[in-house]
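Order of listing sets the numbers, starting from 1, for every ligand and every atom in it.
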Amino acid sequence: MSGFEPARSTMVRTQLAQRGIRDTRVLGAFRTVPREAFVPEELMDRAFDDGPLPLIEGQTISQPYVVAVTAEALQLRGPERVLEVGTGSGYAAAILGTLAREVFSVERLPALASSARARLARLGFANVQVRCGDGTLGWPEHAPYDAIAVAAGGPKLPPALLGQLAVGGRLVMPLGPEGAPQTLVRITRERAGGLRSEPLMPVRFVPLIGEGGGLPETAP
Ligand code: SAH
């Protein structure tokens, strides 16, 4: 996978740094994780486009900037245990795995879960685990999580995820009514108890589909 470093550096400079991403660890992760290895092969020449790209079954690999805003908002310093809901290609999981100690990522579509798992293993992301299942229920065996990234949008926060967020932990999720524009929101479980909610940016994610607070299984 050599030869893509200049494209990654340009992406980091023009799409991330110039738009205000400041965390040098985050910028470094986007320089080293090979995005070109996470996009479908026939779209490799568009790997560094400033937008999402299609995966299978109507799902998408998120825009690099949106992944960067999420990663920066999670305030990862290295020792954290992170939960991701919506593995998709595994790209965001690889970014999070570069920034934190362990990542547990849940994907509901079996084909995506198994290809992401194989890809992450092949690329050497040994601290990222992928499970096929309903991520609105979280991954209770490894809770609590210092950070949770939800990569699919819904009208409300699944209660199980909040229950698996550590004290002091941060959760980032696209929230909004079905079919409407969403807002990427950071929720912090404060040490004094209570939750703080901060809007980060307007976004448009694929729907979160599941029992624990997403859309029901029959949704498109
Ligand atoms: N982070 C991904 C982008 C994921 S797109 C990347 O970097 O490529 C959102 C993903 O969430 C889709 O793959 C979709 O299948 C998945 N998803 C939707 N609802 C889910 C649920 N309840 N549990 C787990 N995954 C879910």
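Salt bridge annotation for Arg77-Asp23: present, with a cationic side-chain nitrogen under 4.0 angstrom from a carboxylate oxygen. Salt bridge status for Asp50 with Arg19: present, with a side-chain N to carboxylate O gap under 4.0 Å.
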Show which side-chain atoms of residues 157-174 pair as donor or acceptor with protein atoms under 3.5 Å away, not counting sequence neighbours.
| residue | atom | partner | partner atom | Å |
| --- | --- | --- | --- | --- |
| Gln164 | OE1 | Trp139 | N | 2.9 |
| Gln164 | NE2 | Leu137 | O | 3.0 |
| Arg170 | NE | Leu74 | O | 3.0 |
| Arg170 | NH1 | Gly168 | O | 2.9 |
| Arg170 | NH2 | Leu74 | O | 2.9 |
| Arg170 | NH2 | Gln75 | O | 3.3 |

Can you list, pair by pair, the side-chain donor-acceptor contacts under 3.5 Å of residues 51-61, counting residues two or more places apart and other chains?
| residue | atom | partner | partner atom | Å |
| --- | --- | --- | --- | --- |
| Gln59 | NE2 | Glu57 | O | 3.2 |

Could you pull out all donor-acceptor pairs under 3.5 Å where a side-chain atom in residues 83-97 meets a protein atom, sequence neighbours excluded?
| residue | atom | partner | partner atom | Å |
| --- | --- | --- | --- | --- |
| Glu84 | OE1 | Ser105 | OG | 2.7 |
| Thr87 | OG1 | Ser105 | OG | 2.7 |
| Ser89 | OG | Tyr91 | N | 3.1 |

Quick one: table the atom pairs, ligand 1 N or O against protein N or O, below 3.5 Å, distance rounded to 0.1 Å.
| residue | atom | partner | partner atom | Å |
| --- | --- | --- | --- | --- |
| ligand 1 | 1 (N) | Glu84 | OE2 | 3.1 |
| ligand 1 | 1 (N) | Gly86 | O | 3.1 |
| ligand 1 | 7 (O) | Ala92 | N | 3.0 |
| ligand 1 | 8 (O) | Ser89 | N | 3.0 |
| ligand 1 | 8 (O) | Ser89 | OG | 2.6 |
| ligand 1 | 13 (O) | Glu107 | OE1 | 2.7 |
| ligand 1 | 13 (O) | Glu107 | OE2 | 3.3 |
| ligand 1 | 15 (O) | Glu107 | OE2 | 2.6 |
| ligand 1 | 19 (N) | Ile209 | N | 3.0 |
| ligand 1 | 22 (N) | Asp134 | OD1 | 3.0 |
| ligand 1 | 22 (N) | Ile209 | O | 2.7 |
| ligand 1 | 23 (N) | Gly135 | N | 2.7 |
| ligand 1 | 25 (N) | Arg108 | N | 3.2 |

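The two residues Val206 and Ala151 come nearest to each other via the heavy atoms CG2-O, 4.5 Å.
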